[in-house]
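We're numbering straight along the sequence, starting at 1.
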Amino acid sequence: MFFWEENSLNKDQENAIFEKNSVLLIACPGSGKTRTLTYKMAYELSRLKTKKHFVIAITYTNNAADEIKERVEMLGVDVSQLWIGTIHSFCLEWIINPYHLHLDMLKNGFRVINSYDSETLLTQLCEPYRNERITYWDCGIIAKTDGYHLTCSNRNKHESLKKIYSEYFKTLQQNNQIDFEQILFLAYSLLKQNPIICSILAKLFPFILIDEYQDTKEIQYHIISQILKANNGDSKTLIVGDPNQSIYQSLGGYAMPQKELEELFGFKLIELGLTHNYRSSQSVINYFDYYKTFPNTIIASGEHKDYPSTITFNFNISLNDLVKEISRLILINIKEKKISPNEICIVAPQWAHIASITRRLMIELPNLSFDGPGMAPFSRDIENFWFKVSRIVLTEPSPHLYVRRMRWSKEVLDTLEAAGIDISNLTPKLLLKICNSIEIDENNGLAYLRFFFDEICNKLAIQLDNYSLLKEHYISFFESSEQRINKLIREGHTFIGDIDNFRKVFKQKEGITVSTIHGVKGEEYDTMIGFALLDDYVPHFSDQNKLESSKKLLYVLASRARKNLHIISERERAVDYRNPHGKAPTPYLLTYDFKYNIL
């Protein structure tokens, strides 16, 4: 049995861990959710009665999976029977890969198309429809239990988009490929058509955790329910999240109400809550509490609860003066409030807003560093084999990264084995040793990686031309990276292609973070600065639930802050005949009677 020191967890956290029945856990921001999940995983692992059982954790991102698994390992618990990852990874590893022969369209084999190749194909298929103003950005589908549904809000484009997707799926089938939405639909189809698969999996999984359930799609709920129902309630689940942070509705994610969850799973859920916020000051909590759409309790309980927060709202600054205003706020926080630049985050609703302002901030504040996923020289395509290799190549062989690099090394070997390469003489440790021994003298990031990848192939005696999957991933990795670098250079990031910028992708962040509201979900900073908080941006004009969605976006933005919060709705952005002074602030900011500070 797994034990921990007294007072390591609060009573709410312990209740969630020790509850023997299935639980719906509502976790407020800063409530120590990840810590609770870590201890819950360790506790459930310690209770397994056979080596044939696995504890399963479904996370929203691969980063979250890595963090939780590393924390469990640090508790000294054997994680060989812990599987943790995204729903797509779960469906591939546990449903599609072992049982694909039960579906006609997969019986001749398959491979997953990466995001770059999918985008390239859809862009080509959109070309004949240019006169209808149809582009790749109109292309989007959500898998549901009855098939695929278009996400484009302009219904006038739907007929043409159906033709595009018909050609898209036909091309994928000819190439024995499937995409990410198909992974979900095909996994669901396998379970629905073959109840015996559900029974097999149910017997393997006595416990399934679903993290960030408010971002879960309908079909994902159904996939998990097929497995849980097959064990007549003996397999337990912990479903955790915060309905107030459900900001992925445009992608199909939503917080399924408890009653619907119980009907779907066929058993009752005990509702529990994590109500103590250990992150933010009482002032910050008072501020974002206004934007709640789900009536949970939030109690300031952390070391910053009495911090004299500065919370400002500026809706008079013009677009032309925006950079100077953000620079002013940054310097006030650094010099007067003694906030580290690493603990300052600048966010906007869309990447277009961030990209256009970051370069100007770098010029305005040349002595400060700016960092963010949007400034990475290559995309985080986690399924691309060479992206997996790049994580090892671009990180230092230091003790504190050893466990993580060993796990990455094992993932690389697993992919090589799946591609048909003999790895019997390789271990994760040996692969790391080989990578650590390679020295490349090259400043250009892409050239550096080409040399490194080629050298790895030489040392492992891999002929790329003999392995179509590896070659396909190789080509798409470099093509997509070149496109991304060229785009960033056009936006003014002249040195983005240098090897130092490549290494930053996997380093602990350095400098002021720049991101979108969606991009910082789950993170926390001493000071948050949000701009472009305007109608039609918060939320996007195509959002079906505008008012509710705007509250959730503002809730997420504000609840990231520990100490200070600065809200900006600049004038003169997107001026047209309907908005001669530009777009107005998002309505909830104007109707909120809050006593803002003046700086």
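- Looking only at side-chain heavy atoms (C-beta outward), Leu121 and Tyr168 come within less than 4.5 Å of each other.
- Contact record, Cys457 with Trp386: SG-CH2, 3.7 Å, taken as the closest heavy-atom pair.
- Side-chain atoms of Ser550 do not come within 3.5 Å of backbone N or O of Pro539 as any donor-acceptor pair.
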* Quick one: do Glu181 and Lys217 satisfy salt bridge (charged side-chain N to carboxylate O under 4.0 Å, His left out)? Show the steps, please. => CA-CA 11 Å; Glu181 286 303 303; Lys217 297 180 182 180; 2.5 Å; yes
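- Note that CG of Leu416 and CG of Leu426 are 8.0 Å apart. Values are rounded to the nearest 0.5 Å.
- Between Glu93 and Pro98, the closest heavy-atom pair is O-CD, 3.4 Å.
- Exactly one of Leu394, Asn384, Asn501 qualifies for a side chain to side chain contact (heavy atoms under 4.5 Å, CB included) with Phe378. That residue is Leu394.
- Not a single donor-acceptor pair under 3.5 Å links the side chain of Thr516 to the backbone N or O of Ala348.
- Put simply, the side chain of Ser166 never gets that close to the backbone of Lys162: no donor and acceptor are under 3.5 Å apart.
- Residues Phe90 and Ile95 form a side-chain contact, since some pair of their non-hydrogen atoms from C-beta on lies under 4.5 Å apart.
- The aromatic rings of Tyr248 and His518 sit perpendicular, their planes meeting at an angle over 60°, well past the 30° parallel limit.
- The backbone N or O of Thr237 lies less than 3.5 Å from a partner atom in the side chain of Ser22, making a donor-acceptor pair.
- In this structure, Trp94 has its ring center closer than 6.0 angstrom to the ring center of Phe205.
- In terms of heavy-atom proximity, Ile247 sits nearest to Asp215 at N-OD1, 4.0 Å.
- The residues Arg450 and Glu482 are annotated as salt-bridged, a charged nitrogen and a carboxylate oxygen being separated by less than 4.0 angstrom.
- Scanning all heavy atoms of the two residues, the minimum distance from Arg560 to Gly522 falls at NH1-N, 3.3 Å.
- For the residue pair Ser89 / Thr86, a side-chain donor-acceptor distance below 3.5 Å is found, with atom types taken as modelled.
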* To do: I would like to know whether Gln483 and Lys487 meet side-chain contact (heavy atoms from CB on, under 4.5 Å); could you show each step before the answer?
  => CA-CA 6 Å; Gln483 280 194 10; Lys487 178 176 177 290; over 6 Å; no
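- Residues Asp242 and Lys33 are not paired through a salt bridge, judged by the lack of any N-O separation under 4.0 Å between the basic side chain and the carboxylate.
- Leu161 has its side chain within reach of Ile134: a pair of non-hydrogen atoms, C-beta onward, lies under 4.5 Å apart.
- Side chains of Asp179 and Ser118: no donor on one and acceptor on the other come within 3.5 Å.
- Note that OG of Ser246 is 11.5 Å distant from CZ of Phe294, once rounded to the nearest 0.5 Å.
- There is a side-chain donor-acceptor pair under 3.5 Å between Asn114 and Asp117.
- Classification of Asp465 and Lys471 as a salt-bridged pair holds, one side-chain N sitting under 4.0 Å from a carboxylate O.
- Within the 4.5 Å cutoff, side-chain heavy atoms of Met105 are placed close to those of Gln173.
- Remark: aromatic rings of Phe54 and Trp83 are distant, center separation not under 6.0 Å.
- Two rings, from Phe477 and Phe387, have their centers 6.0 Å or more apart.
- Using modelled atom types, no side-chain atom of His149 and backbone atom of Ile142 make a donor-acceptor pair closer than 3.5 Å.
- To the nearest 0.5 Å, atoms CG (Leu557) and NZ (Lys521) are separated by 13.5 Å.
- The six-membered or imidazole ring of Tyr148 lies near that of Phe185, with a centre-to-centre distance under 6.0 Å.
- Here the closest non-hydrogen pair linking Gly519 and Glu523 is O-OE2, 3.8 Å.
- Salt-bridge check for Lys583 with Asp535: failed, with every basic side-chain N at 4.0 Å or more from each acidic carboxylate O.
- Under a 3.5 Å cut-off, the side chain of His158 and the backbone N or O of Cys152 do form a donor-acceptor pair.
- Counting only N and O atoms by type, the side chains of Gln214 and Glu212 include a donor and acceptor under 3.5 Å apart.
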* To do: Decide yes or no on side-chain contact (heavy atoms from CB on, under 4.5 Å) for Ile26 and Leu24, but give the supporting numbers first.
  => CA-CA 7 Å; Ile26 307 300; Leu24 174 61; 4.2 Å; yes
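- Separation of atoms SG (Cys126) and CD1 (Ile164) is listed at 4.0 Å; rounding is to 0.5 Å.
- Proximity of Val240 to Ile210: side-chain heavy atoms (C-beta onward) are nowhere separated by under 4.5 Å.
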* Derivation and outcome, side-chain contact (heavy atoms from CB on, under 4.5 Å), residues Ile141 and Thr151 -> CA-CA 5 Å; Ile141 54 170; Thr151 60; 5.6 Å; no
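- Under 3.5 Å, the side chains of Tyr537 and Gln350 contain no donor-acceptor pair of N or O atoms.
- Checked by atom type and distance alone, the side chain of Thr216 pairs as donor or acceptor with a backbone atom of Tyr213 at under 3.5 Å.
- Of the possible polar contacts, one joining the Tyr221 side chain to the Met256 backbone as a donor-acceptor pair under 3.5 Å is found.
- A salt bridge does not link Lys410 to Glu417: none of the charged nitrogens lies less than 4.0 Å from a carboxylate oxygen.
- Using a 4.0 Å cut-off between charged nitrogen and carboxylate oxygen, Lys552 and Glu548 count as a salt-bridge pair.
- Contact detail for Ser160 and Glu132: the closest heavy-atom pair is OG-OE1, 2.6 Å.
- Formation of a donor-acceptor pair under 3.5 Å by the Arg484 side chain with backbone atoms of Ala376 is found in this model.
- Annotation: side chain of Ile354 is not in contact with side chain of Ser515 (no heavy-atom distance under 4.5 Å).
- Between Phe452 and Tyr448, the ring planes are tilted. Angles from 30° to 60° get that label.
- Seen from the ring of Tyr291, Lys551 does not count as a face-on cation partner, given the 6.0 Å and 45° thresholds.
- Here the CD1-CG distance, from Ile357 to Leu319, works out to 8.0 Å after rounding to the nearest 0.5 Å.
- The CD atom of Gln124 sits 12.5 Å away from atom CD of Glu167, with the distance rounded to the nearest 0.5 Å.
- A donor-acceptor pair is defined here as one N or O able to donate and one able to accept, closer than 3.5 Å; such a pair exists between the side chain of Thr135 and the backbone of Trp137.
- Between Glu262 and Lys259 there is no salt bridge, since none of the side-chain N atoms of the basic residue sits less than 4.0 Å from a carboxylate O of the acidic one.
- Side-chain atoms of Ile239 and Val23, non-hydrogen and from C-beta on, never get closer than 4.5 Å to each other.
- Here the side chains of Asn154 and Asp138 are not in contact, with every heavy-atom distance at 4.5 Å or above.
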* **Derivation and outcome, side chain to side chain donor-acceptor pair (under 3.5 Å), residues Tyr188 and Gln226** => CA-CA 8 Å; Tyr188 172 76; Gln226 293 292 317; 4.7 Å; no
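- No more than 12 heavy atoms of other residues, nucleotides or ligands sit less than 6.0 Å from atom CD of Gln463.
- By the 6.0 Å contact criterion, NZ on Lys292 is enclosed, its count of non-hydrogen atoms from other residues, nucleotides or ligands being greater than 12.
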